[in-house]
Each structure stands twice: as C-alpha cells, then as structure tokens.
Amino acid sequence: YSEFGSFDVTLTLPENYVVGATGELVDGEKETEWLNTKVLETMSITEFQKDSLRFPPSSPVNKTLRYRQDRVHDFSWFADKRWHVMKNTMELPNSRERVTLWAFFTNHDANYWMKATDYMERAIRDYSRWLGDYPYKSATAVDVIYAAGSDMEYPMITAIGDVPNAYQLDGVLAHELGHNWFYGILGSDERRHPW
C-alpha cells in the first residue's frame, strides 16, 4: 500500500533492447515506429524456436527513452533484446477512450503469447465494466521467463513467467491486470484487505 505519485524517468540503453515501462513514452515517435516494425516481423514468423533463448550482442549505439505518468503507485521497467512484439488497440466500454496494448515475449512460449493482446483486451474490458474504466493510455505485458518477480503487477505493466498453455496465460494476465484496479487505481490497502 502506498501513495499515488508522478514519475518522470529517463532510461539510456543499447538501441536493440525492447523496453516496457510504466507511463507514456515522451517524444517516442521513433521508438514506436521501431516497435511497430517489430510487430510486423513477429507476425511474419511461421515457427518459433522454443529453445532458442540466446541473447544477441548489444548494439554499440544507445537510445534514450523518457516515460511520464501521473496517478500511479510505482514505476517499473523491463528490457530484453530477444523479445518479439505484438500490439493491439481497444476502446474502453464507458469513456470510449483508446488504449494501446503491448505484449513483449521470447521464443519460449511465443505460440501462446501471439494472442496475449486479445486476452488483455478482454480482461481490461471486463474490469472496466465492473469497476470503472482503465485510466491509462496503454497496458503492457512482458515475458520474464526464468527471471525473479514473475507473475507480478505494476502500474500499466505486468511481468509474466513461464506458462504451460494458452489458458494459463489468459488467466494469469487477467489476474495481474486486475491488480491495476486492486491495489492500483482503487488504492486498496492489501495489508488490511489482502483479498
């Protein structure tokens, strides 16, 4: 349980990293264009090499990304050079605002992750109907296979570990996205009300 705050974070890292973070990307046209190219590359893959998780070398050229967000408890970011990218947009049921959905994932569970933005859309639509519209411009899910902190929510971004099937990915995404309302948007005190 924590206070709401505003975050303005700048990250500098090799340009071949895909980055997912809390917040809106400021002056991020070039980065968004690159991510959109990664979506097309991902959609063109006919067979993912499940066991191919080698890290490519880092680019010698760096990029600087800036993220801003108000009305959140925390800031979190993840980066990986191996990630494939999927993207979708949705319209919220009440406000009709548009939300961009991103899924960043490795080869390991890629066949399940190809539909991750569909799962995210359904979850955000349902929570928005039940609890009030999602108040942010984007939502991101990242595959953190074999990393600490998997299946963990943060404002606007959720980290998902190894999943055995598509059903499990759908369920854990819905669960972790739900934490954007409970503890996030609604500010529930999980120490007092752990439900």
Side-chain angles (χ1 to χ4, degrees), residues 5-70 72 74-90 98-118 120-121 136-163 169 173 176-177 180:
S6 297
F7 290 83
D8 190 332
V9 178
T10 301
L11 308 170
T12 299
L13 69 170
E15 69 177 357
N16 61 333
Y17 274 91
V18 174
V19 177
T22 298
E24 292 184 43
L25 189 55
V26 177
D27 298 324
E29 294 82 11
K30 182 178 176 185
E31 184 71 5
T32 302
E33 183 179 313
W34 179 67
L35 290 173
N36 288 333
T37 301
K38 300 279 288 175
V39 171
L40 296 175
E41 289 172 9
T42 300
M43 292 173 64
S44 70
I45 298 171
T46 56
E47 186 176 343
F48 293 94
Q49 302 301 313
K50 183 176 176 78
D51 296 324
S52 177
L53 293 174
R54 288 174 296 155
F55 284 94
S58 293
S59 170
V61 177
N62 285 341
K63 64 183 174 184
T64 298
L65 305 174
R66 181 179 172 205
Y67 296 89
R68 281 202 83 262
Q69 191 59 52
D70 296 323
V72 292
D74 300 305
F75 177 88
S76 185
W77 68 283
F78 302 85
D80 200 309
K81 296 175 282 190
R82 303 166 301 170
W83 277 339
H84 302 290
V85 179
M86 290 299 290
K87 177 184 180 182
N88 199 353
T89 59
M90 66 172 291
R98 305 291 298 172
V99 177
T100 303
L101 309 173
W102 295 97
F104 303 151
F105 53 94
T106 65
N107 283 332
H108 185 71
D109 292 322
N111 292 329
Y112 312 141
W113 277 85
M114 289 295 288
K115 293 194 177 265
T117 57
D118 296 338
M120 294 168 69
E121 179 178 357
Y136 309 118
K137 300 271 186 216
S138 68
T140 303
V142 297
D143 171 9
V144 293
I145 184 170
Y146 306 132
S150 63
D151 300 347
M152 186 62 192
E153 77 283 349
Y154 304 93
M156 304 173 67
I157 188 164
T158 185
I160 308 295
D162 193 16
V163 292
L169 178 60
L173 279 169
E176 300 305 338
L177 284 165
N180 275 272

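The structure presented is a predicted model; accordingly, all values stated were derived computationally and were not measured.
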Chemist: When you compare the side chain of Trp83 with that of Phe78, does any pair of heavy atoms fall below 4.5 Å?
Modeler: yes

Chemist: Do you know the tightest heavy-atom contact between Phe104 and Val19?
Modeler: CE1-O, 3.4 Å

Chemist: Which salt bridge (charged side-chain N to carboxylate O under 4.0 Å, His left out) pairs, counting each pair once, include a residue from residues 6-29, with sequence neighbours left out?
Modeler: Asp8-Arg66, Asp8-Arg68

Chemist: Report yes if some heavy atom in the side chain of Ile157 is under 4.5 Å from a heavy atom in the side chain of Val142; otherwise report no.
Modeler: yes

Chemist: Are Ile160 and Val163 packed together at the side-chain level, in the sense that at least one heavy-atom pair is separated by less than 4.5 angstrom?
Modeler: yes

Chemist: Calculate, to the nearest 0.5 Å, the distance between atoms CE and CH2 belonging to Met86 and Trp113 respectively.
Modeler: 12.0 Å

Chemist: Measure the shortest side-chain to side-chain distance between Leu11 and Thr64 over non-hydrogen atoms and say whether it is less than 4.5 angstrom.
Modeler: no

Chemist: What are the two closest non-hydrogen atoms of Asp151 and Gly161, and how far apart are they?
Modeler: OD1-N, 3.0 Å

Chemist: Could you name each residue pair satisfying salt bridge (charged side-chain N to carboxylate O under 4.0 Å, His left out) that touches residues 30-42, not counting sequence neighbours?
Modeler: Glu31-Lys63

Chemist: Please name the pair of heavy atoms, one in Asn107 and one in Gln49, separated by the smallest distance, quoted to 0.1 Å.
Modeler: CB-O, 3.2 Å

Chemist: Under 3.5 Å, is there a donor-acceptor pair between the Lys87 and Thr117 side chains?
Modeler: no

Chemist: Could you state the interatomic distance from CG (Leu177) to CE (Met156), rounded to the nearest 0.5 Å?
Modeler: 12.0 Å

Chemist: Give a yes or no on whether the ring-centroid distance for Phe55 and Tyr17 is below 6.0 angstrom.
Modeler: no

Chemist: Run the side-chain hydrogen bond (donor to acceptor under 3.5 Å, both in side chains) check on Lys137 and Thr100 step by step: do they pass?
Modeler: CA-CA 6 Å; Lys137 300 271 186 216; Thr100 303; over 6 Å; no

Chemist: For Thr12 and Asn62, does a side-chain donor sit closer than 3.5 Å to a side-chain acceptor?
Modeler: no

Chemist: When you look at Val85 and Trp102, which way does the side chain to side chain contact (heavy atoms under 4.5 Å, CB included) test go after all the steps?
Modeler: CA-CA 7 Å; Val85 179; Trp102 295 97; 3.7 Å; yes

Chemist: Show the nearest heavy-atom pair for residues Leu13 and Ala79, with the distance to one decimal.
Modeler: CD1-CB, 3.9 Å

Chemist: Taking Tyr154's backbone N and O only, do any of them form a donor-acceptor pair with Ser76's side chain (distance below 3.5 Å, no angle check)?
Modeler: no

Chemist: When you compare the side chain of Tyr136 with that of Ser138, does any pair of heavy atoms fall below 4.5 Å?
Modeler: no

Chemist: Determine whether Met114 and Phe105 make a side-chain contact, defined as any pair of heavy atoms from C-beta on separated by less than 4.5 Å.
Modeler: yes

Chemist: Just checking, any donor-acceptor pair under 3.5 angstrom between side chains of Thr89 and Arg98?
Modeler: yes

Chemist: Could you tell me which residues satisfy ring pair (Phe, Tyr, Trp, His ring centres under 6.0 Å) with Phe48, sequence neighbours excluded, listed by chain and number?
Modeler: His84

Chemist: Do you know the tightest heavy-atom contact between Asn16 and Ser59?
Modeler: OD1-N, 3.0 Å

Chemist: Check whether Ser58 reaches the backbone of Pro14 with its side chain - one donor and one acceptor, N or O, closer than 3.5 Å.
Modeler: no

Chemist: Are Val39 and Leu35 side-chain neighbours, meaning at least one heavy-atom pair lies under 4.5 Å?
Modeler: no

Chemist: So, applying side-chain contact (heavy atoms from CB on, under 4.5 Å) with Met120, which one of Val99, Leu173, Asn88 is it?
Modeler: Leu173

Chemist: For residues Arg82 and Pro56, report the shortest heavy-atom separation together with the two atoms involved.
Modeler: CG-CD, 3.9 Å

Chemist: Could you check His108 against Asp162 for side-chain hydrogen bond (donor to acceptor under 3.5 Å, both in side chains), going step by step and ending with a plain yes or no?
Modeler: CA-CA 8 Å; His108 185 71; Asp162 193 16; 3.2 Å; yes

Chemist: Taking side chain as C-beta onward, heavy atoms only, is Phe7 less than 4.5 Å from Tyr67?
Modeler: no

Chemist: Please evaluate residues Lys81 and Val18 with respect to the criterion side chain to side chain contact (heavy atoms under 4.5 Å, CB included), reporting the C-alpha separation (whole Å), side-chain torsions for both, the decisive distance (0.1 Å), and the verdict.
Modeler: CA-CA 6 Å; Lys81 296 175 282 190; Val18 174; over 6 Å; no

Chemist: Sub-3.5 Å donor-acceptor pair from the side chain of Asp70 to the main-chain atoms of Ser6, do we have one?
Modeler: no

